[in-house]
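Numbered from 1 within each chain, the chains take letters A, B, ... in sequence-line order.
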Amino acid sequence: MSGPRYRFAPSPTGFFHVGGARTALWNWALANSQGGTFVLRIEDTDEARNRPEWTQGIIDALAWIGIHSDDPHFEGPYFQSHYAEQHVAAAQRLFEAGHAYYCDMTAADIEARNKAEGTQGYQGWSRDRGLGPGPGHVLRFKVPAGSTVVHDLVRGDVVFDNALIEDFVLLRGNGSPMFLLANVVDDMAMEISHVVRAEEHLPNTPKQQLIWQALGHEPPVWAHVPVLVNEARKKLSKRRDKVALEMYRDEGYLADAMSNYLMTLGWAPKGGVEIQPWQQMQADFRLEDVNHSSAFFDLKKLAAFNGEYIRALSPEEFLEACRPWLFAPDAPFPADRFDEQTFLAMAPVIQPRATTLAEAPGVVDFLFLESPLFTDDALAKASAAPSAIDVLRDTVAAFEALGEWSAETLKTAFEGVAAAHELKPGKAQTPVRVAVTGRTVGPPLFESLQFLGRDETLRRLRVLEGLIG
RNA sequence: GCCCCCAUCGUCUAGUGGCCUAGGACACCACCCUUUCAAGGUGGCGGCACGGGUUCGAAUCCCGUUGGGGGUGCCA
């Protein structure tokens, strides 16, 4: 695969973040629409915080939203930790070429010196001391005078005064490479042409660009996209906010809904229609059109997208999508009482009532339960009307007399009962609905009764009759 | 503190000097449809942060103010 090379370089320090997912999606769209490559690099060099299981989590999460490692546009995963030798070698070259120098000052030394001189940060104190490598010696980059201009596809040119960039650390006192260096060396080795990442990296960029140049290479095309924020407009954090992609997957959000929603955070498809097939968004996405300000990750809007996607499913697709919740240990009914044909037939009335797949089984639980689960509230409402007991009794009689047992005949029969009590069917329905479903709200009543069957319907009606009579 | 980024309805956005009386979506409200609840339909509420310029004309360009955010590690 020739063409531009994009990359996504997460560090496996926890569950996969929705913000990372959006960045990955944008990189993926770009690589695909331009006949380029999406390189996945796991930046696992922070030993204290990395755990191998998180890496698989990232790969699985990417696959869930459509970024599959077996796609020809996908390359990797590479592991940064495997390239430590190259990082150190690059540092060595930088040192030999005079772009870096060793320093033996500890954090405490630096603090003391700053205090004494009334300064802040690291002031290049060891630049001319001619120190060599040694235990506890860090290698620092010698930031040149002048200024650094970062050409950014979403933000335009950003100018940094080099005098304000301190001589940052390339190699730790124990000889291990730092992120800034490793990241650049890897991008160089993997021939990355475009670095599209979150805005929090923008302050790092002049430093990285300086490393690229000192190593004799042209820097890549940069693009810093806005961060995702919470209701307090703070950057989404793993601690505070619900950001794990897998959590949304487990709650029954559809991958397509999630990726569609994520795409529209900070960018909008042409034509004013937000819900778009992936192929279309992929073709339309341009970094130049990305918004400059941070975007709020809105659960309500995500839910709305999800509802739309659920409603667009065929009954068969819906059933397949619901399976994990239908047969989960905490499903609302025992697996052996579940009936696929009934669920399939009811799907069109379940879909508009479920915001997430996880909610779907609960919409029709009464069909697969031995007896409905009454809530106190429903019971109270069922018996609230003085006519409730009579309606129940008359309904039993009317249903018993029915020849054909169908939604249509049930409806007609019940309308007769309601009319006899001078009630609107909707009003009269409450005790019947509660008797059969345990709740006051739910899917259309007569369709439900059709599937519940004559015997069970009548049994439930009589049970409630006894309960409130 | 210092550096950088940003600023259109509550939220996500359209808008690249006249087509803007600022459009759409989510949320909210009302009505319609209706066997409950949803879904759907119709309508409504609601915004260019502020102050200066530039221009015949500014949401759009410039400057400042204010407000938000990000970064300031021998984390990534």
Parallel, tilted or perpendicular: rings of A:H137 and A:Y102 (30°, 60°): tilted
Lys/Arg N to Asp/Glu carboxylate O, A:D187 vs A:R41, below 4.0 Å: yes
Whole angstrom value for the distance that separates C1' of B:rA25 from CE of A:M263: 17 Å
Any-strand Watson-Crick or G-U partner of B:rC2, both distances under 3.5 Å: B:rG71
Shortest side-chain distance from A:L164, nucleotide among B:rU13, B:rC3, B:rC74: B:rC3
Sugar-phosphate, base or nothing in reach of A:G173, heavy atoms under 4.0 Å: base
Non-hydrogen side-chain atoms of A:P144 and A:N162 separated by less than 4.5 Å: yes
A:W267 CH2 - B:rG15 C1' separation (whole Å): 16 Å
Give me the distances for all protein-to-nucleotides 7-9 of chain B N/O pairs that come in under 3.5 Å?
none

Inter-nucleotide P distance (B:rA25, B:rG43), Å rounded: 10 Å
B:rA27 base / A:K301 side chain donor-acceptor hit below 3.5 Å: no
Any donor-acceptor N or O pair under 3.5 Å, side chains A:Q80, A:T45: yes
Closest to the A:E200 side chain, choosing from B:rG71, B:rC74, B:rC12: B:rG71
Euclidean distance for P, B:rG40 against B:rC5 (whole angstrom): 43 Å
Flag for A:W222-A:Q208: side-chain donor and acceptor within less than 3.5 Å: no
Distance-only donor-acceptor test (3.5 Å): side chain A:E199, base B:rG71: no
Whether A:N114 side chain and A:Y122 backbone form a donor-acceptor pair below 3.5 Å: no
Sugar-phosphate only, base, or nothing, as touched by A:V158 at under 4.0 Å among non-hydrogen atoms: sugar-phosphate
A:M258 and A:L302, any side-chain heavy atoms less than 4.5 Å apart: yes
Nearest-neighbour nucleotide for the A:V227 side chain, B:rU11, B:rC4, B:rG69 considered: B:rG69
Base-contact (B) and sugar-phosphate-only (S) positions in nucleotides 35-46 of chain B, heavy-atom cut-off under 4.0 Å, - elsewhere: BBBBSS------
Distance in angstrom units between A:L228 CG and B:rC5 C1', rounded: 16 Å
Among B:rG71, B:rC3, B:rA76, the nucleotide that comes nearest once only the side chain of A:K235 is considered: B:rG71
Selection from B:rU13, B:rA76, B:rG71 that lies nearest to any side-chain heavy atom of A:A268: B:rU13
A:E111 and A:K115 ion-paired at < 4.0 Å: no
Minimum-distance nucleotide to A:R155 side chain [options: B:rC75, B:rG70, B:rC5]: B:rC5
Touch class at under 4.0 angstrom, heavy-atom based, for A:K424 against every strand present: nothing
Nearest-Å distance for atom pair CG/P, residues A:L153 and B:rC5: 16 Å
Lys/Arg N to Asp/Glu carboxylate O, A:D186 vs A:R7, below 4.0 Å: no
Sugar-phosphate, base or nothing in reach of A:G266, heavy atoms under 4.0 Å: sugar-phosphate
pi-stack flag for A:H201 and B:rG70, centroid dist under 5.5 Å, interplanar under 30°: no
Complementary nucleotide of B:rC26, counting Watson-Crick and G-U pairs under 3.5 Å: B:rG10
Sugar-phosphate, base or nothing in reach of A:F305, heavy atoms under 4.0 Å: nothing
Side-chain donor-acceptor contact under 3.5 Å, A:D394 with A:H421: yes
A:F305 and A:Y248 aromatic centres sub-6.0 Å: no
Phosphate OP1/OP2 of B:rA76 contacted by A:T45 side-chain N/O (<4.0 Å): yes
Whole-Å P distance, B:rC12 and B:rG51: 24 Å
Distance-only side-chain donor-acceptor flag, A:T437 / A:R433, under 3.5 Å: no
Distance between P atoms of B:rC3 and B:rC19 (Å, rounded): 40 Å
Nearest-angstrom distance from the residue atom NE2 of A:H224 to P of B:rC5: 12 Å
Sugar-phosphate only, base, or nothing, as touched by A:E43 at under 4.0 Å among non-hydrogen atoms: sugar-phosphate
Closest to side chain of A:F296, choosing from B:rA76, B:rU11, B:rC74: B:rU11
Non-hydrogen side-chain atoms of A:R129 and A:D104 separated by less than 4.5 Å: yes
Sugar-phosphate only, base, or nothing, as touched by A:E231 at under 4.0 Å among non-hydrogen atoms: nothing
Rounded P spacing from B:rU42 to B:rG15 in Å: 25 Å
Protein-nucleotide distance (A:F297, atom CZ; B:rG10, atom P), rounded to Å: 22 Å
Parallel, tilted or perpendicular: rings of A:H201 and A:F179 (30°, 60°): tilted
Check: A:F343 ring centroid to A:F318 ring centroid under 6.0 Å: yes
A:R233 side-chain N/O to B:rC12 phosphate OP1/OP2 under 4.0 Å: yes
Check: A:N306 side chain, A:L254 main-chain N or O, donor-acceptor pair, under 3.5 Å: yes
Distance, rounded to the nearest Å, where A:N230 contributes CG and B:rG68 contributes C1': 13 Å
Residue mapping more 5' on RNA chain B - nearest nucleotide basis, A:A9 or A:Q120: A:Q120
Nearest-angstrom distance, C1' atom, B:rG47 to B:rG24: 14 Å
Within residues 391-402 of chain A, residues whose heavy atoms come under 4.0 Å of RNA chain B: none
Separation of the C1' atoms in B:rU34 and B:rG41, to the nearest angstrom: 12 Å
Pairwise C1' distance, B:rA7 and B:rA59 [rounded to whole Å]: 12 Å
Interatomic distance, A:D44 CG vs B:rA76 P [rounded to whole Å]: 11 Å
